[in-house]
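Residues: numbered from 1 along the sequence shown. Note that these values count all heavy atoms, side chains included, but never hydrogens, waters or copies made by symmetry.
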Amino acid sequence: MPVRLYRPKAASSALRPGLFEIHGGGFLMGDIAMMEPWCQRVAGEIGAVVVSVEYRLAPEHPFPAGLEDCYAALVWMATEAKRLGIDPDRIAVAGQSAGGGLAAATALLARDRGGPPLCFQLLEIPELDDRLDTP
């Protein structure tokens, strides 16, 4: 699956924090390009290496296809962390809306499968409740 990598402009010999970004779109639309300005800003202002993933969308690819794509890309990111200039002890997941729900679920898979340890979750307006009535 496609991933995009965003790096800070300033060179560094030290490993940087890594952020795994999952786009929103209600699980059935959206794409990797919609998060490009945000990913560039995070890389530039925070100094993190950002990996953004293009996961399979429903209904053509029913659950858990998109979630499994996100987890596989996170595992790849963690496995290749040092080559990508990422500190493997400082990997976080992030997402907005459906991406926030997928980020939370990806973190749970990482925990349950003994996958990459995560240091942080940034869940922005995450879709976590199918009733859509949670304050």
Side-chain angles (χ1 to χ4, degrees):
M1 82 214 63
V3 296
R4 287 190 184 170
L5 184 67
Y6 301 86
R7 297 177 189 273
K9 288 182 181 178
S12 174
S13 59
L15 295 175
R16 298 179 178 272
L19 181 68
F20 184 72
E21 170 59 35
I22 305 171
H23 71 79
F27 306 100
L28 52 90
M29 59 186 180
D31 61 22
I32 198 169
M34 67 188 274
M35 295 308 298
E36 187 156 326
W38 191 87
C39 293
Q40 291 174 342
R41 185 173 180 188
V42 169
E45 292 183 16
I46 297 174
V49 176
V50 180
V51 174
S52 184
V53 61
E54 181 76 55
Y55 58 89
R56 292 175 288 171
L57 300 173
E60 294 82 8
H61 304 281
F63 179 83
L67 174 58
E68 291 293 347
D69 289 350
C70 293
Y71 181 71
L74 174 66
V75 170
W76 172 82
M77 177 186 178
T79 302
E80 298 295 324
K82 289 187 179 174
R83 188 177 68 80
L84 297 172
I86 297 170
D87 179 346
D89 294 325
R90 293 191 296 159
I91 295 176
V93 295
Q96 299 173 2
S97 191
L102 288 168
T106 300
L108 290 172
L109 283 182
R111 179 198 68 191
D112 294 348
R113 294 179 178 176
L118 299 172
C119 68
F120 186 76
Q121 294 180 60
L122 175 58
L123 309 178
E124 298 178 80
I125 55 168
E127 292 184 14
L128 300 173
D129 184 341
D130 65 354
R131 296 170 291 179
L132 297 177
D133 65 0
T134 303

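In this structure the side chain of Y55 reaches within 4.5 angstrom of the side chain of I22, judged on heavy atoms. With a 4.5 Å cut-off on side-chain heavy atoms, R4 and E21 do not count as touching. Contact of the S52 side chain with the H23 side chain is not registered, since no non-hydrogen atoms from C-beta on lie closer than 4.5 Å.
Taking hydrophobic clusters as Ile, Leu, Val, Met, Phe, Trp and Tyr residues chained together by side-chain heavy-atom distances below 4.5 Å, L5 shares a cluster with L74. Hydrophobic clustering places V93 together with V75 (ILVMFWY residues linked when any side-chain heavy atoms are closer than 4.5 Å, directly or through intermediates). If you chain together hydrophobic residues whose side chains sit under 4.5 Å apart, L28 and M1 never meet in one group. Both F27 and L67 are part of a single hydrophobic cluster, where members link through side-chain heavy atoms under 4.5 Å apart. Note on L19: it does not cluster hydrophobically with L123, by side-chain heavy-atom contacts below 4.5 Å among ILVMFWY residues.
For the atom pair CD1 (I91) and CG (D89), the distance works out to 8.5 Å, reported to the nearest 0.5 Å. Atom CG of residue L57 and atom CD of residue E60 lie 7.5 Å apart, to the nearest 0.5 angstrom. A distance of 10.0 Å separates OG in S97 from CG in L128, rounded to the nearest 0.5 Å.
The local environment of CE in M29 is sparse, with at most 12 non-hydrogen atoms from other residues, nucleotides or ligands closer than 6.0 Å.
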Using a 3.5 Å cut-off and no angle test, enumerate the donor-acceptor pairs between side-chain atoms of residues 100-119 and protein atoms at least two apart in sequence or in another chain.
unit_1: T106; atom_1: OG1; unit_2: L102; atom_2: O; d: 2.7
unit_1: R113; atom_1: NH1; unit_2: E68; atom_2: OE1; d: 3.0
unit_1: R113; atom_1: NH2; unit_2: E68; atom_2: OE2; d: 2.8

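Residues G85 and R7 share a closest heavy-atom pair of N-NH1, 4.5 Å. When all heavy atoms of P62 and P59 are compared, the closest pair comes out as CD-O, 3.8 Å. Closest of all the heavy-atom pairs between R56 and A65 is NH2-O, 3.5 Å. Listed here is the closest heavy atom pair of P37 and M34: CD-O, 3.9 Å.
The ring-ring contact (aromatic ring centres under 6.0 Å, His included) test applied to Y71 returns no partner, not counting sequence neighbours. Under the rule for a side chain to side chain contact (heavy atoms under 4.5 Å, CB included), the partners of V3 that lie at least two apart in sequence or sit in another chain are V51, V53, A73, W76.
Between the side chain of Q96 and the backbone N or O of G24 there is no donor-acceptor pair closer than 3.5 Å.
Applying side-chain contact (heavy atoms from CB on, under 4.5 Å) to V49 and the options M77, R90, R16 leaves one that passes, R16.
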